[in-house]
Amino acid sequence: MGLFGGAAPRPESAERYVEAALPRLMGAALSLTGNRHDAEDLVQDTLAKVLLHWRRVEQADSVDAYVRKVMVNTFVSGKRRRSSREVVSHDLVTSDGAGAVASPAGATEDRDQMWQLLATLSPRQRAVLVLRYYDDLPDAAIAEVLGCSPVSVRVTAHKGMARLRERLPALGESDACPAPTDVAATTSR
Amino acid sequence: MRDTDEAVEGLLRDTFGAARPASGDDLTGLRDASWARADRLRRRRAGVVGATTAGVVGATALAVVVGTGLWGPQRALDPVPAATTKATTKPAVSNASANLVPGSGSFAYRFPDGLSGVMANGLVPVGNISSSPDLSGQAGGCRWEELKDRRQPIAGWSRLFEVEGSGGTGAANLGVAGFTTGTGEAAMEDLRRGALPCLTAPDLDARTWNGPGDAGPSDSSLLWTGTANMGGTTRTTSLAVVRVGDVLVASSALTDTAEGARRVATETATAAATLLLDKKFPPALGEPLGASRSAPNAASKPGAPKATPVAPEAAYEIADVYPSEEELGNGLKYPGDPITGANMPTASGVQMCDNTGEPDQDARDAKPDPVAGTQNMAWAGAGNLDDPAVNISVTGWVPGTGAERFGELQRNEGGCRWMPDQQRLAWAGVDPATTWLSTGTENGITSYLASRLVGDVIVSVVVNGLPRDQAIAEATRLNGIVTSKVKANVPAAKGR
């Protein structure tokens with residue numbers, strides 16, 4: 001059975017949208033969840049909800065904005081808090097060809113640390129940072145996505161940044177440190 | 001500070017930017033899976049019966065909580081295609097249970113109810129129980145699914161806590177992981193030398209501490225702690241791990257004081273390990289779980305074949321039979337999507353289905369499970385214990401056996417038993433053979449249950465947080481709404 005009943009084909013506009021939006025959605029989902037498995041799950045959940053109401057969704061002023069809202073609220077709703085406790089690495093997030101980019105020495109380690117620290121943030125804090133630094137949205141637009149006030153966005157961002165700032169070792173020095181796993185394996189207890 | 005902020009912002013942009021898929025990446029698998037999920041969602045909304053998938057679109061956090069409490073840790077998410085990861089380190093130990101990694105939905109056994117409620121004084125649970133047993137928590141984190149070639153647990157979960165009154169700066173974690181029978185000691189040694197897929201910060205030092213383990217202080221417990229200046233504030237991380245039999249119980253804490261971190265970590269780990277020992281939980285005693293020779297219990301024996309999933313596939317799907325939020329009234333809202341599947345209590349909210357340790361465990365476990373089911377919760381306010389809440393469950397049974405199963409509910413003789421004990425109340429104007437109204441109180445919370453047999457389907461509604469008369473009226477009213485929808489949409493309600 002097709003999505004839109006009987007043997008009816010999927011709306012071309014929906015197929016075009018999915019094809020075009022998928023890379024951006026996957027990147028946003030990776031940034032939110034921190035791991036590929038949950039990111040794919042989040043993308044699937046988001047698109048399933050959107051496609052279910054496509055006829056209505058495509059009438060929206062901005063389909064992208066609507067889809068972003070669905071994704072962020074699906075993430076923040078608490079359904080995926082399990083993921084927020086997973087510690088991930090840059091290699092994992094970008095494995096399977098998902099955006100592995102050439103990095104200067106130390107950059108990958110810095111990202112690894114950042115992924116681990118992001119995992120310690122609340123889903124809401126993480127969502128605010130992703131909307132700010134992945135989607136480059138202003139606070140007013142972030143407030144619209146999250147259904148809260150811009151002040152609340154700023155407070156949430158401030159708390160998230162403070163947590164990252166206090167736990168992030170001096171940037172650029174991480175290439176001098178061995179990987180945590182190696183250290184854990186060799187440190188005398 | 002400003003320079004630091006800019007550096008953090010720059011790193012955030014760089015990190016998120018690197019996560020963006022490249023233009024040449026193949027996302028066709030994800031695209032197809034998204035369409036397939038939309039199809040399934042639409043079928044469910046449309047009430048099409050007979051779909052074979054046991055997956056749950058948008059499995060809720062509630063699923064994790066309920067699943068752990070009643071049916072053991074299990075992941076209720078659909079399998080995701082093309083979600084492979086690559087191990088990045090050399091295998092430290094041969095892995096005998098790779099097919100039982102967290103998240104596979106195939107954990108070998110369930111931990112006793114009550115374990116998930118264990119915590120040191122001054123902790124508040126945050127979020128929901130994770131089906132991934134995070135043993136290092138605040139001190140690092142476990143990467144079971146990434147490092148599948150290392151030793152893997154066959155059961156486990158973890159939970160995050162916040163230190164009360166810390167303003168979000170104090171956090172703690174409890175993780176339990178069961179390993180194949182006879183390998184608990186080796187698992188502990190792996191953790192100690194960093195060979196488990198659990199990271200720990202490099203600046204933690206070993207401290208003297210004897211937990212309640214069963215193999216002597218030298219190898220049955222460990223305490224690591226480290227203090228660092230973070231943004232001008234001194235913070236201490238402590239990780240306490242206890243081995244009881246083939247189970248590792250770990251608690252970590254991050255607080256402003258060394259004394260506080262140590263207390264929270266050791267108290268939580270001790271309490272959880274003690275509970276397992278007090279309950280004589282077989283894996284905590286180094287024994288296979290239960291006397292059953294059938295999966296999943298047998299899966300904890302060395303070399304045993306892969307366990308069958310804890311959650312069997314449903315024979316059919318039950319369509320959307322829930323009252324709308326307007327129909328619910330009282331400010332009740334659904335926080336998430338329904339949970340569907342065959343592993344459902346008949347009356348979620350007033351029953352416990354984990355019979356581990358009960359004298360007649362085998363007899364209880366032998367009782368038939370539903371062949372289909374759905375449940376959902378709605379609550380008002382923040383969902384605190386004393387806020388109004390309703391718990392709706394609908395279970396389908398093997399054709400022709402509905403009456404028998406309903407009788408077991410009434411006599412408290414099914415696979416799931418009252419929790420708390422129920423006192424039957426009069427339900428005027430209905431057939432007492434096919435209806436049940438009762439009440440029970442636990443921890444100061446009084447619940448009211450209205451159940452009804454419809455063909456081979458049982459509809460149960462539990463209400464709490466409302467005055468007695470109102471709660472009874474709401475339980476019976478909502479049961480009527482659900483029953484009407486079941487009669488209209490579920491063939492099994494007509495014995496088909």
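By convention in this document, chain letters (A, B, ...) are assigned in the order of the sequence lines, proteins followed by strands, and residues within each chain are numbered from 1. As the structure is a computational prediction, the values presented were derived from the model and not from experiment. The analysis underlying the following values was restricted to heavy atoms, covering all of them including side chains, and did not include hydrogens, waters or symmetry mates.
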Checking [X] against chain B: side chain, backbone, both or neither under 4.5 Å from a heavy atom?
{"X": "A/Glu15", "answer": "both"}
{"X": "A/Val43", "answer": "both"}
{"X": "A/Val130", "answer": "both"}

Between the side chains of B/Asp190 and B/Arg150, is the shortest nitrogen-to-carboxylate-oxygen separation below 4.0 Å, so that they form an ion pair?
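No, this pair does not count.
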Does B/Arg13 come within less than 4.0 Å of B/Glu9, counting only side-chain N to carboxylate O?
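Salt bridge absent between B/Arg13 and B/Glu9.
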Flag, side chain of A/Arg126 to backbone of A/Leu118, donor-acceptor distance under 3.5 Å:
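Such a contact is found between A/Arg126 side chain and A/Leu118 backbone.
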We want to know whether A/Glu58 and A/Ser13 form a side-chain donor-acceptor pair, criterion being a heavy-atom distance below 3.5 angstrom.
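Per modelled atom types, A/Glu58 and A/Ser13 side chains form a pair under 3.5 Å.
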Identify which of A/Leu47, A/Leu22, A/Val18, A/Leu129 forms the greatest number of heavy-atom pairs closer than 4.5 Å to chain B.
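Option with the greatest count: A/Leu22.
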